[in-house]
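Values in this document were obtained by computation on a predicted structure and should not be read as measured data. Below, read A as the first sequence line, B as the second, and so on, with proteins coming before strands; counting in each chain starts at 1.
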Protein chains: 2
Amino acid sequence: MSPRPSVRPGGRSARVQQSVHTAVRELQAERGRPDLTVPLIAARAGVTPSTIYRRWGDLKELLSDVAVERLRPEAPPADLGSLREDLEHWAVSFLEEMSSPAGRCYIRDALAGDPDGSNAGQCSAYAIEAVETILARAAQRGEHVPPTDAVMDHVVAPMMYRILFRQGLLDPQYARDLVATVFYRLMPLP
Amino acid sequence: MSPRPSVRPGGRSARVQQSVHTAVRELQAERGRPDLTVPLIAARAGVTPSTIYRRWGDLKELLSDVAVERLRPEAPPADLGSLREDLEHWAVSFLEEMSSPAGRCYIRDALAGDPDGSNAGQCSAYAIEAVETILARAAQRGEHVPPTDAVMDHVVAPMMYRILFRQGLLDPQYARDLVATVFYRLMPLP
DNA sequence: AGAGCCAAGCAATGATTTTGCGTTAAGGTG
DNA sequence: CACCTTAACGCAAAATCATTGCTTGGCTCT
């Protein structure tokens with residue numbers, strides 16, 4: 001998140017932020033991404049454009065904030081009883097969400113309006129959190145688990161790379177194959 | 001590349017494209033990325049702003065085109081005599097270039113102004129070409145080689161992911177470690 | 001409850017983007 | 001080689017968007 005100065009926790013500031021974010025989501029759905037402009041969003045949100053410019057700097061940064069919010073997972077990864085199943089299920093869902101037209105758009109928006117890299121960092125933080133949840137659960141069951149970064153490097157990163165740079169090579173089996181690679185070839189030896 | 005309609009190959013159109021690209025590079029160096037505007041670029045290039053708007057649509061798309069051009073490798077990957085050395089050397093150089101402030105900026109620009117994914121596709125095509133050159137040379141020497149996509153998925157993708165989403169975890173040893181992973185664990189069995 | 005301060009509103013100004021129309025130069029054809 | 005067609009450029013006006021100084025309103029803390 002990056003509202004210009006630090007946002008006051010409650011009251012009017014919070015209401016403005018809320019209504020602006022809502023306006024962006026609604027207009028994005030109604031009129032499509034490329035038609036969004038700051039004055040349009042401001043009108044829908046019931047604020048003046050200068051409020052948006054002062055708080056977010058420009059449209060790119062506002063869209064970046066909204067995108068990160070939409071990329072936040074809504075629920076922790078499912079627990080299916082084994083590391084293998086949990087990772088496969090999570091990877092397949094992740095790929096499906098992220099590779100959809102909407103998902104790709106959010107990722108690109110999040111990257112585009114992010115001067116200091118904090119929004120992009122937040123995206124990877126969500127993925128790291130999900131992976132660590134799965135790995136911790138498996139460890140508790142007594143399973144051998146790979147390092148978090150092995151999963152990030154060899155499951156998450158390849159999916160993201162194809163989503164951003166090589167669209168069209170994406171199906172659920174790809175996600176499962178990547179998990180298999182980590183599972184059989186990068187797992188610490190028992 | 002994505003000039004609006006198909007660019008006429010020679011003559012005036014080509015000259016305009018050339019001078020606009022040059023203007024972007026010069027101004028980027030002189031005044032810094034965030035100060036670039038279409039009218040400024042147009043003035044430097046000796047064209048009217050409307051020419052740029054008509055040909056590229058907006059600043060984002062123009063910068064995307066210029067960025068892809070700057071991401072094109074200038075020379076084929078070095079031949080050091082073995083697959084392992086070639087891959088390590090190439091990966092280290094790639095990481096160094098791409099993770100520099102300028103490199104990251106170009107990558108993000110290339111992604112940001114790229115409605116149909118063709119510029120991003122071109123970026124991965126450059127990497128694929130370099131990797132295939134290295135692999136083909138090694139195969140000719142009689143070495144066992146991994147599939148191109150194994151290198152893309154487990155060397156290039158992890159580096160790119162960290163560059164975009166997790167800055168600060170990047171050093172040359174990381175590139176060598178990724179190569180080692182592919183080399184020892186994903187190589188087809190002899 | 002009152003004081004201080006931060007953020008939002010308003011409005012004027014300046015910059016950028018869009019558009020219609022006339023002109024020029026490429027590329028093709030007789 | 002001259003002519004014809006058409007895409008692309010220049011110019012200028014109009015519309016939209018971005019910026020900024022100043023004022024006003026509403027949190028937060030004492």
Measure from the side-chain heavy atoms of A/Thr51 and tell me the nearest of C/dT16, D/dC27, C/dG9.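 Comparing C/dT16, D/dC27, C/dG9 against the side chain of A/Thr51, the answer is C/dG9.
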Options D/dG10, D/dC22, D/dG26, nucleotide nearest the side-chain atoms of B/Ser50: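 Given the options D/dG10, D/dC22, D/dG26, the side chain of B/Ser50 is closest to D/dG10.
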Give the rounded distance in Å between these two atoms: [atom1] of [X] and [atom2] of [N].
| X | N | atom1 | atom2 | result |
| --- | --- | --- | --- | --- |
| B/Arg54 | C/dT24 | CZ | P | 17 Å |
| A/Leu36 | D/dT16 | CG | C1' | 15 Å |
| B/Ile52 | C/dT19 | CD1 | C1' | 17 Å |
| A/Leu62 | D/dC17 | CG | P | 15 Å |
| A/Gln17 | C/dA8 | CD | P | 10 Å |
| A/Trp56 | D/dT19 | CH2 | C1' | 17 Å |
| A/Lys60 | D/dC17 | NZ | C1' | 14 Å |
| B/Leu59 | D/dC17 | CG | C1' | 15 Å |

Can B/Arg162 be said to sit on top of B/Tyr174's aromatic six-ring, NZ or CZ under 6.0 Å from centre and within 45° of the ring axis?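 Yes, a cation-pi geometry holds between B/Arg162 and B/Tyr174.
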Lys/Arg cation over aromatic A/Phe183: A/Arg84, 6.0 Å, 45° cone: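 Yes, cation above the ring, under 6.0 Å and within 45°.
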Could you tell me whether the side chain of B/Arg12 has a donor or acceptor atom within less than 3.5 Å of a complementary atom in the base of C/dT24?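 By the distance-only test, yes, there is a pair.
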For the pair A/Arg137 and A/Glu143, find out whether any cationic side-chain nitrogen is under 4.0 Å from an anionic carboxylate oxygen.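 The answer is no: the pair does not qualify as a salt bridge.
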Is A/Arg44 salt-bridged to A/Glu30, cutoff N-O under 4.0 Å?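 Salt bridge flag = yes for A/Glu30 with A/Arg44.
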Does the side chain of B/Arg55 get closer than 4.0 angstrom to OP1 or OP2 of D/dC9 through an N or O atom?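 B/Arg55 to D/dC9 OP1/OP2: side-chain N or O found under 4.0 Å.
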DNA chain D: A/Pro39 or B/Val16, which has the more 5' nearest nucleotide?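 It is B/Val16, whose closest nucleotide lies nearer the 5' terminus.
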